[in-house]
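Report on the structure given below.
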Amino acid sequence: MTSVTSTAAPAPLPYTSERHLLAWQWLVEEAHLFDRQRYTDWLGLLCEDIHYQMPVRVTTAKNAGFDRLAGMSHFDEDLYSLRKRVARFETEHAWTEDPPSRLRHYVSNVRTFATDDPAELRVESYVLVFRSRGDVRESALLSAGRVDVLREAGDGGLRLADRMIEVDESVLRMQNLGIFL
Amino acid sequence: MVNLAELTRDIRSGMVPAYVYNDADLFTLERDHLFARSWVFLAHESEIPSPGDYVVRRIVDDSFIVVRDEQGVVRVLFNMCLHRGMQLCRAELGNSSHFRCPYHGWSYKNDGRLIGLPFHGDAYGGDRGLVKKEQRLLPAPAVDSYRGLVFASLDPDVVPLRDYLGDFTFYLDFYLNQSPDGIELRGPQRWRIKSNWKIGAENFCGDSYHTPQTHTSVVEVGLFAEPKANKRKEGALYFAGRGGGTTYKLPPGTFEEKLRYVGYPDEMITRMRQNWTPEQQRVVAEDGFMVSAATAFPNLSFVHNWPQINADGLIRPFISLRQWQPVSESETEVLSWYAVDANAPDYYKEESYKAYLMCFGSSGMFEQDDVENWVSITSTAKGAMARRLLLNSRMGLGLDDDVISQKPPSFSGPGRAYVGYGEHNQRSWLSLWSQHLGYSGDPAEHSPVPAGDAAGEGDR
Ligand code: FES
Ligand SMILES: [Fe+2]
């Protein structure tokens with residue numbers, strides 16, 4: 001198992017290229033939906049065959065050759081399970097988000113790569129999630145890298161086909177993953 | 001300071017002082033008495049299948065390397081170098097034939113023996129100053145296992161693990177013994193919550209009452225049908241030995257039909273038929289109960305649910321083990337594993353894993369709502385008013401301590417069982433807890449739990 005960010009890749013598209021700018025804009029708009037908890041709208045940005053994954057990171061010796069747990073993730077989702085998660089938030093009884101969290105997704109370090117498939121882009125980004133619940137409770141942070149595959153849809157827009165989230169903590173300091181990133 | 005006599009009296013009467021969920025003095029007592037004398041779960045053998053495989057786990061503040069040595073023996077070694085006290089292994093898991101201390105370079109074989117130290121002759125005059133072969137990492141005072149679950153105790157005189165667990169093993173086997181090869185674990189997911197560790201342990205051992213309310217949303221979206229209020233209250237609550245749990249009532253049918261309803265494929269059902277005792281089979285087939293959540297005292301819990309995992313309505317059960325690892329009186333580290341019958345077909349293992357991820361663990365839809373509640377209880381229990389409040393945990397008892405709860409029409413398992421809602425199990429768990437705080441002699445000899453709550457009471 002290799003680290004997501006160390007995957008050998010060609011140079012990213014120039015930061016001025018139109019395809020890079022479109023991908024970057026897509027990620028910022030997605031973060032906007034997350035922070036407003038407009039999850040049903042977010043589902044509309046996903047491909048039917050979406051694979052949304054966040055492996056468990058572990059602390060291992062330098063020569064171990066892996067830093068993810070085999071066969072265990074925090075998220076390992078298809079469209080069905082993502083829809084269920086969103087449907088749950090849309091009920092009036094998802095207590096964990098009532099009152100709702102105040103969320104801020106900071107997206108940065110966006111790098112866009114062309115792939116063998118002209119309709120797909122590989123997009124790397126960093127995300128830092130700030131989450132505040134209640135009035136006096138300590139806030140929580142979650143830092144991660146992401147590697148996405150964005151696919152051009154018929155309408156000319158981009159859809160998320162694959163997301164691999166590389167979380168930076170082995171023991172999460174957030175009470176649950178009642179959020180997306 | 002805690003008044004243990006008063007605390008114990010209150011708890012036996014089913015009135016729980018609210019401060020117990022966030023109190024520094026009690027946490028010290030828990031650490032020095034309860035966790036220093038109990039059997040505490042560390043790892044499952046399937047996590048370290050090959051020689052040299054290790055995981056690093058804790059009992060409160062003490063870090064242990066749980067390692068399979070070159071002879072295949074599982075060792076539990078205190079993770080501290082014998083020389084100047086460096087933390088020897090700083091990874092969470094891995095494979096190694098030996099551990100070398102980064103400070104001065106003492107190195108130990110994976111069975112704990114010191115095999116090398118730099119400049120043995122120059123620094124110590126060889127064996128004249130330090131006899132190398134007599135040195136080994138400090139082992140845990142007691143190590144024992146049950147069906148691959150490795151436990152350790154800081155008390156060298158602790159009773160054997162089987163005697164400690166007692167008749168609770170009858171129920172553990174529904175999770176751990178579905179086939180001759182037992183279970184295999186994946187994980188754990190680890191995360192920290194601002195909750196007292198007791199709340200999760202108590203919840204899993206008997207709180208079926210919270211399910212229709214806390215988990216409404218999961219039922220509403222059609223993920224899991226069973227928690228509906230009318231279904232949940234038909235389940236039995238059992239307590240036996242050092243553990244208790246909740247069950248769901250299954251629809252009428254044979255042993256095979258009931259397990260198919262829960263989502264097990266026929267080949268797994270055939271092995272359960274061969275592997276479970278006649279009494280265990282009767283709990284399912286005739287009494288009609290299927291185990292769900294459970295807790296082995298003090299802090300190892302189990303869960304078994306059967307959600308719908310795809311749009312075609314496929315139902316698959318999953319098993320999770322979880323540990324409520326105390327960090328402080330107001331913080332707990334949750335370690336949550338996915339567990340599955342080692343002989344299950346590959347397609348089943350993947351589908352059941354999917355079921356686990358949707359329901360429990362760091363992102364699980366059940367777990368999310370549970371933790372929100374527990375964090376809230378913990379912060380509310382901190383203040384002066386919580387010291388004046390006795391929480392009502394008397395469900396199932398009348399005002400005269402008479403038992404209102406009904407026994408199941410038939411129940412083939414050991415210990416005590418009631419149908420419907422009740423807090424008998426939480427009272428039993430808390431009574432065990434209070435007995436372990438002021439330890440003197442064998443906790444089993446202490447006076448029993450409230451009327452109607454004694455494990456062992458009731459029809460066999
Ligand atoms: S502390 Fe480990 S070798 Fe000195
Ligand atoms: Fe729950």
Side-chain angles (χ1 to χ4, degrees), chain A residues 52-67 69-99 101 133-138 140 142 167 169-181, chain B residues 55-56 89-96 99 184-195 213-223 307-312 333-338 349-350 353-358 361-365 367-376 379:
Chain A
Y52 179 94
Q53 207 185 345
M54 178 167 143
V56 173
R57 295 289 293 284
V58 281
T59 312
T60 52
K62 205 169 185 174
N63 65 7
F66 69 98
D67 69 354
L69 272 189
M72 176 56 82
S73 292
H74 293 290
F75 283 115
D76 198 346
E77 309 297 306
D78 56 15
L79 193 56
Y80 169 78
S81 60
L82 288 172
R83 277 188 178 142
K84 283 289 173 207
R85 290 176 186 280
V86 170
R88 197 183 84 80
F89 286 133
E90 305 288 314
T91 71
E92 288 174 6
H93 308 108
W95 313 116
T96 190
E97 278 302 320
D98 189 4
S101 298
R133 294 195 52 65
D135 49 0
V136 293
R137 253 197 236 175
E138 260 175 63
L142 196 62
V167 67
E169 284 171 316
S170 110
V171 180
L172 307 184
R173 261 45 169 206
M174 196 173 264
Q175 72 176 30
N176 60 39
L177 292 172
I179 57 163
F180 297 107
L181 64 175
Chain B
V55 292
V56 174
C89 178
R90 291 167 303 151
E92 292 170 55
L93 77 165
N95 180 286
S96 193
F99 300 96
E184 58 190 33
L185 260 56
R186 295 191 202 172
Q189 300 163 322
R190 297 170 63 193
W191 72 105
R192 290 194 172 195
I193 60 178
K194 299 284 184 192
S195 164
Q213 164 68 15
T214 296
H215 302 303
T216 314
S217 63
V218 180
V219 181
E220 250 177 82
V221 302
L223 181 64
Q308 179 184 323
I309 62 151
N310 69 19
D312 301 331
E333 183 172 317
V334 189
L335 292 88
S336 177
W337 292 262
Y338 162 66
K349 289 181 180 176
E350 288 317 304
Y353 168 63
K354 178 91 188 150
Y356 162 74
L357 279 185
M358 291 177 73
S362 47
S363 70
M365 286 183 255
E367 193 110 38
Q368 288 179 20
D369 286 324
D370 282 327
V371 172
E372 177 71 13
N373 294 338
W374 304 344
V375 169
S376 176
S379 65

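Order of the sequence lines fixes the chain letters, A, B, ..., with proteins taken first and strands second; residue numbering starts at 1 for each chain.
Here the shortest heavy-atom pairing between A/Gly178 and A/Phe89 reads O-CZ, 3.3 Å. Closest approach of B/Trp337 to B/Gly187, counting heavy atoms only: CD1-C, 3.8 Å. Scanning all heavy atoms of the two residues, the minimum distance from B/Ala355 to B/Pro307 falls at CB-CG, 3.6 Å.
In terms of non-hydrogen atom pairs under 4.5 Å with chain B, the most contact-rich of A/Met174, A/His93, A/Glu92 is A/His93. Considering only heavy-atom pairs separated by less than 4.5 Å from chain B, the leading option among A/Thr96, A/Ile179, A/Asn176 is A/Thr96. Contact count against chain B (heavy-atom pairs under 4.5 Å) is highest for A/Ser73 among A/Gly134, A/Ser73, A/Ala61. Contact count versus chain B (heavy atoms, under 4.5 Å) is highest, among A/Arg83, A/Arg133, A/Glu169, A/Arg173, for A/Arg133. Options A/Thr91, A/Val56, A/Val136 differ in how many heavy-atom pairs under 4.5 Å they form with chain B, and the most are formed by A/Thr91.
Distance check: B/Ile193 CD1 to A/Leu172 CG gives 12.0 Å after rounding to the nearest 0.5 Å.
At a 4.5 Å heavy-atom cutoff, B/Leu335 makes no contact with chain A through either its backbone or its side chain. With a 4.5 angstrom heavy-atom cutoff, B/Ser362 touches chain A via backbone and side-chain atoms both. For B/Gln308, the parts lying under 4.5 angstrom from a heavy atom of chain A are both the backbone and the side chain. Interface remark: B/Glu220 contributes side-chain atoms only to the contact with chain A (heavy atom separation under 4.5 Å). If you measure heavy-atom distances from B/Lys349 to chain A, you find no contacts under 4.5 Å at all.
Ionic pairing of A/Arg85 and A/Glu97 is not present here: no N-O contact between side-chain nitrogen and carboxylate oxygen is shorter than 4.0 angstrom.
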Quick one, B/Gln213 with A/Trp95, criterion side chain to side chain contact (heavy atoms under 4.5 Å, CB included). Give me CA distance, side-chain angles, the key distance, then yes/no.
CA-CA 10 Å; B/Gln213 164 68 15; A/Trp95 313 116; 3.4 Å; yes
List the steps, then state whether side-chain hydrogen bond (donor to acceptor under 3.5 Å, both in side chains) holds for A/Ser81 with A/Tyr52.
CA-CA 10 Å; A/Ser81 60; A/Tyr52 179 94; over 6 Å; no
